[in-house]
Amino acid sequence: MLRTHTCGQLRKENVGETITVCGWIDSYRDHGGSLFVDLRDRYGKTQVVFTAESGPGILDTARMLRDEWVIQVTGIVAPRPEGTINPKLDTGEIEVRSRSLTVLNKCQTPPFTPSTRDLPGEDLRLKHRYIDLRRAEMQRTLILRHRMIKGMRDYFDQHNFLEIETPILGRSTPEGARDYLVPSRVHAGKFYALPQSPQLYKQILMIAGYDRYVQVARCFRDEDLRADRQPEFTQLDVEMAFVTAEDIIGIIDGLVQKLAKEVLGLDVPLPLPRMTYDEAMEKYGHDAPDLRFDMQIVDCTDLAAQTEFRVFRAAADAGLKVRGMNAKGAASKYSRSMIDEMTDWVKNDFGAKGLAWFKVEADGSLASPIAKNFAPELLAQIKDRLNGAPGDFLVFMADTFEVTCKGLYALRKKFGVDLKLYDPAKMHCSWIVEFPMFAWDPEEKTWAAMHHPFTAPRPQDLAKLDSDPAACRAIAYDLVINGSEAGGGTIRIHDQDVQQQVFRLLGIDAEKARDRFGFLLDALQFGAPPHGGIALGIDRWVMLFAGLDNIRDCIAFPKTQKASDLMTEAPGDVDLRQLRELSIQTVKPAK
RNA sequence: GGGGACGUAGCUCAAUUGGUUAGAGCACUGGACUGUCGAUCCAGAGGUUGCGGGUUCGAGCCCCGUCGUCCUCGCCA
């Protein structure tokens, strides 16, 4: 090693020792006769002092040092003089009196420095990621990520799971997300697909008898990005044989508790609370509600049916829903123009026709441009239904159940942030269970699998599979942390007949099924044990545990919203020769 | 594919809302200084205001297009 100690290591106890440290220059302060350098590595910072005593020429060399140069210093650990102790540094009680200095590498004037207070734009950080990753905050996150993944691996190892790798080059399955494709050279015109998840492989592993499987698995989905979505992400993929949903949930409960304790020092009582999908949609408008605060959606369709207010009345008569929410004490928070903005937002983004609202006045009356359309008794009933008190802000949407869900869910989220309805340091973990098996796809005019086509229906719903698909509930469970989907899984179908029935319903005929999942269908006939599993989004877990609002900050080398890598400039052009070898011709996209 | 925000010195931002030679802090260059730790002080250099077009006597500012980054709807079994 070129060093005897790291930059975060030295303490008073080391005073008098001759040591060698290496690192990057975090900052320097040139006082003429003496020069101070804060030397940084991932363990911390240590102050190095250069003076005439350092030796011939050393102070002159030190004077040339600049930010981010890489140096090696040998010196004597000395206590800092009275009054110059720096409490901001762990090593602030000592300094290294330099006796020798080696410039290991210079650095061009960097576009920004790791210690900068004005964080530059994200594009610059991504282009020079090697500098960005030197920042303490990025290091903290990546260290946290390491500890969490290690914690997961240890936990599953202790529970007798085996980590087994599955292929990256697989076969395309048009269901689900868009695949990333990899052309085959050997098979001209054919393509591999990168895995969206190791779903089929892990089921095969169950059939193969590896009854407790786990993998830290890279997954790929060629869909548009979001703050919490990358095209390339990491799942903790789990599958178990001879289990019920309770077993899977129990295992993950234990993992949540362990990591919350180890990483955040939080005590999470078990079992984690559960809510059905239907209840979540009814009360919160979403299958991953943020339960850190308790604002609930209230159905007022019956009251709407009695009003003269055309919008409400027409919706109720047409069999639509009128649902509302009470933002407690928020009446004074939102001005007329802010409400107009809110209204435009729910119209543009969620297809709402409008937003009805009331402010509860000091005398208990409801103030709103539409209030005159309501009989006073009805206003009182509406207020009571939403538990309205003076100062409250009541919002309503009249639309299909789906649209009211989307709009009110979004508003609820906004209220949560605007009104600071929860403690950001807290964590709320829960399970959403009993998802529908199928969702109607109006465009394709077919039933689509809500989760994936191998999801087992509840036994009591088997009979309804053909007669009433919408009523079928799956043995499915999603883990929700702070309103974010942190994982999801199902018990799988291990019975050929049920599998065929589900395929039929999804419009996957025997030939198609054969073509796409033939190997799984075959395997199911060779002694498949009952099995099920779950996949956790590791990047999101890190984001939630670190309290970040952006998944890119949890990934060493993330992609931009247009899925490019600003550092490597991927995706890039390839030689014509490479294309020829792959039997590929590119076509300029039509303008 | 749709909606929105942003783009000015290497970086973070400003420019009295269309008006003279586009400014500041940090970084950079040169100098001073032996106890700083966001060091300080003096001096200096640094700009095709993302790019292309238009409107105007005059554009960093207005309009159109385009590129990039971010947020979002659709999409994400």
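So that the names make sense, note that chain A is the first sequence line, chain B the second, and so on, each numbered from 1.
Where stacking is scored as ring centres under 5.5 Å apart with planes under 30°, A:Phe112 does not register as stacked on the base of B:rC11.
Between A:Tyr409 and A:His286, the ring planes are parallel. Angles under 30° get that label, and only those over 60° would be called perpendicular.
For the C1' atoms, the distance from B:rU69 to B:rG30 is 37 Å, rounded to whole Å. As rounded to the nearest Å, B:rG25 and B:rA14 have P atoms that lie 16 Å from one another. Between B:rA43 and B:rA5, the two C1' atoms lie 41 Å apart (nearest whole Å). For the P atom pair drawn from B:rA39 and B:rG44, the interatomic distance equals 23 Å after rounding to whole Å. The same atom, C1', is picked in B:rU49 and in B:rC61; the two are 10 Å apart, to the nearest Å. B:rG47 and B:rU21: their C1' atoms are spaced 13 Å apart (whole Å). The separation of B:rC57 from B:rC64, taken at their C1' atoms, amounts to 22 Å, rounded to a whole angstrom. Of the C1' atoms belonging to B:rG60 and B:rU8, the separation is 6 Å, rounded to the nearest Å.
Position along RNA chain B of the nearest nucleotide to A:Asp349 versus A:Ala52 favours A:Ala52 as the more 5'-ward residue.
Between A:Asp224 and A:Arg229 there is no salt bridge, since none of the side-chain N atoms of the basic residue sits less than 4.0 Å from a carboxylate O of the acidic one. Remark: A:Asp399 engages A:Lys353 in a salt bridge, criterion side-chain N to carboxylate O under 4.0 Å. Under the 4.0 Å criterion applied to side-chain N and carboxylate O atoms, A:Arg97 and A:Glu53 are not assigned as salt-bridge partners.
Both distances falling under 3.5 Å, in either a Watson-Crick or a G-U wobble arrangement, place B:rG25 opposite B:rC11. Judged by Watson-Crick or G-U wobble contacts below 3.5 Å, the nucleotide B:rC70 has B:rG4 as its partner. With both pairing distances under 3.5 Å, B:rC51 is matched to B:rG65 as a Watson-Crick or G-U wobble pair.
In this structure, the CZ atom of A:Arg226 is 16 Å from the P atom of B:rG4, given to the nearest Å.
At B:rC37, none of the side-chain N or O atoms of A:Lys88 fall inside 4.0 Å of OP1 or OP2 (strictly under the cut-off). Between A:Tyr28 and B:rC28 there is a side-chain polar atom (N or O) within less than 4.0 angstrom of OP1 or OP2.
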